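In the text below, chain A, chain B and the rest are named by the order of the sequence lines, each starting its count at 1. None of these values were measured; they are calculated from a predicted model.
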Amino acid sequence: MPELPEVESLRRDLLQLLPDLVLVGVEIRYPPIVARPSPEEFCRRVEGRRVLDVGRRGKLLLLRLDSGETAALHRRMTGNLLLTQPTEPVDHHVHAVFRLADGRQLRYRDPRKFGRLALLTPGEMVALDAELGPEPLDPTFDAVAMAEVLRSAPGRGLKALLLDQRRLAGLGNIYVDEALWRAGLHPLRLAGSLAPDEVAALQRAIRSVLEEGIAHRGTSLRDHLDPDGRPGSYQDYLQVVGRVGQPCRRCGAPLARAVVASRGTVYCPACQR
DNA sequence: TAAATCCTGTCA
DNA sequence: TGACAGGATTTA
């Protein structure tokens with residue numbers, strides 16, 4: 001599922017289309033995909049707008065329009081934004097089509113229909129930003145900032161806390177499991193119980209798994225594709241996800257599976273404490 | 001805090 | 001054929 005590295009990879013790919021990315025037309029084929037405003041209003045306010053910049057906040061892709069508004073896309077589980085020629089057939093999983101000035105199209109394809117589009121005024125963008133936790137790849141996100149996140153909910157388990165976008169933005173099920181393994185921390189370990197060196201290790205682990213994920217253009221266990229329809233390759237480097245029962249690459253013990261924070265969770269019961 | 005909800009492809 | 005997966009939101 002698209003987490004921070006998958007959205008960041010998409011952001012960087014779309015930046016290559018600037019400065020001539022003009023959304024000359026918008027077609028919404030599955031109206032519930034537009035969270036706000038109404039689908040008609042969304043089209044009216046996006047059509048004809050030039051994209052000045054492509055940003056990201058957590059797992060949200062942000063298209064900053066020349067109107068001052070921002071079109072936000074959350075890909076949720078199975079959403080992809082594909083750059084295609086208009087002659088390519090539109091399959092029934094395509095829920096929104098953005099026609100570009102050069103004739104090509106950006107198509108939002110999402111078999112699960114969980115993803116959402118929204119158009120945000122500057123004020124709404126500020127409000128959304130305030131609801132999300134810090135960016136783990138921001139240069140200012142260091143061990144001190146990690147400690148603050150943990151201190152904000154000392155009684156919660158680490159995995160539940162790290163998945164909470166209001167506490168820390170951008171992590172999902174895959175990268176949380178990978179980061180906790182790398183830090184040697186158990187997913188149920190209470191956030192308030194970490195020693196200073198463990199806090200620092202967790203911050204470094206989160207940063208490194210996200211950076212490696214981006215370097216490999218994301219994890220494509222199943223669905224993630226870039227705008228040209230190509231998968232990422234970080235699935236080939238995962239240490240725990242998808243390896244239940246196989247030996248831990250640190251200590252050799254068989255990796256275990258449990259449901260933590262309502263998510264399938266893989267960890268090493270021997271060396272994650 | 002936990003459960004239900006939204007969805008449909010995939011797998012047993 | 002039915003259980004399962006899961007991010008975010010809503011409801012109990």
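Heavy-atom distances to DNA chain B give each of R156(A) and R116(A) a nearest nucleotide, and the one nearer the 5′ end belongs to R156(A).
Here K113(A) reaches the OP1 or OP2 of dT8(B): one of its side-chain N or O atoms lies under 4.0 Å away. For R257(A) and dC4(C), the shortest distance from a side-chain N or O to OP1 or OP2 is not below 4.0 Å.
If you measure from atom CZ of R76(A) to atom P of dG9(B), you get 18 Å, rounded to the nearest angstrom. One atom, CE of M77(A), and another, C1' of dC6(B), lie 11 Å apart when rounded to the nearest Å. Rounded to whole Å, the distance from CG on L117(A) to C1' on dA8(C) is 16 Å. In this structure, E3(A) places its CD atom 9 Å from P of dA8(C), rounding to the nearest Å. Protein atom CG of D110(A) is 12 Å distant from nucleotide atom C1' of dC6(B), rounded to whole Å. In this structure, K159(A) places its NZ atom 8 Å from P of dG6(C), rounding to the nearest Å. Atom NE2 of H93(A) is separated from atom P of dT8(B) by 8 Å (rounded to the nearest Å). Taking atom CG of D223(A) as the reference point, atom P of dC7(B) lies 17 Å away to the nearest angstrom.
Contact between L255(A) and P247(A) at its shortest, heavy atoms only, is CG-C, 4.5 Å.
Using a 4.5 Å heavy-atom threshold, the side chains of P37(A) and L119(A) count as touching.
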What do the steps show when you test R112(A) against H93(A) for side-chain hydrogen bond (donor to acceptor under 3.5 Å, both in side chains), and what is the final call? CA-CA 8 Å; R112(A) 292 287 256 298; H93(A) 293 309; over 6 Å; no
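Using a 4.0 Å heavy-atom criterion, one finds that G172(A) contacts no nucleic acid atom at all.
Q272(A) places a side-chain N or O within donor-acceptor distance of the main-chain N or O of C268(A), the cut-off being under 3.5 Å.
You won't find any donor-acceptor pair under 3.5 Å spanning the side chain of R112(A) and the base of dG9(B), going by distance alone.
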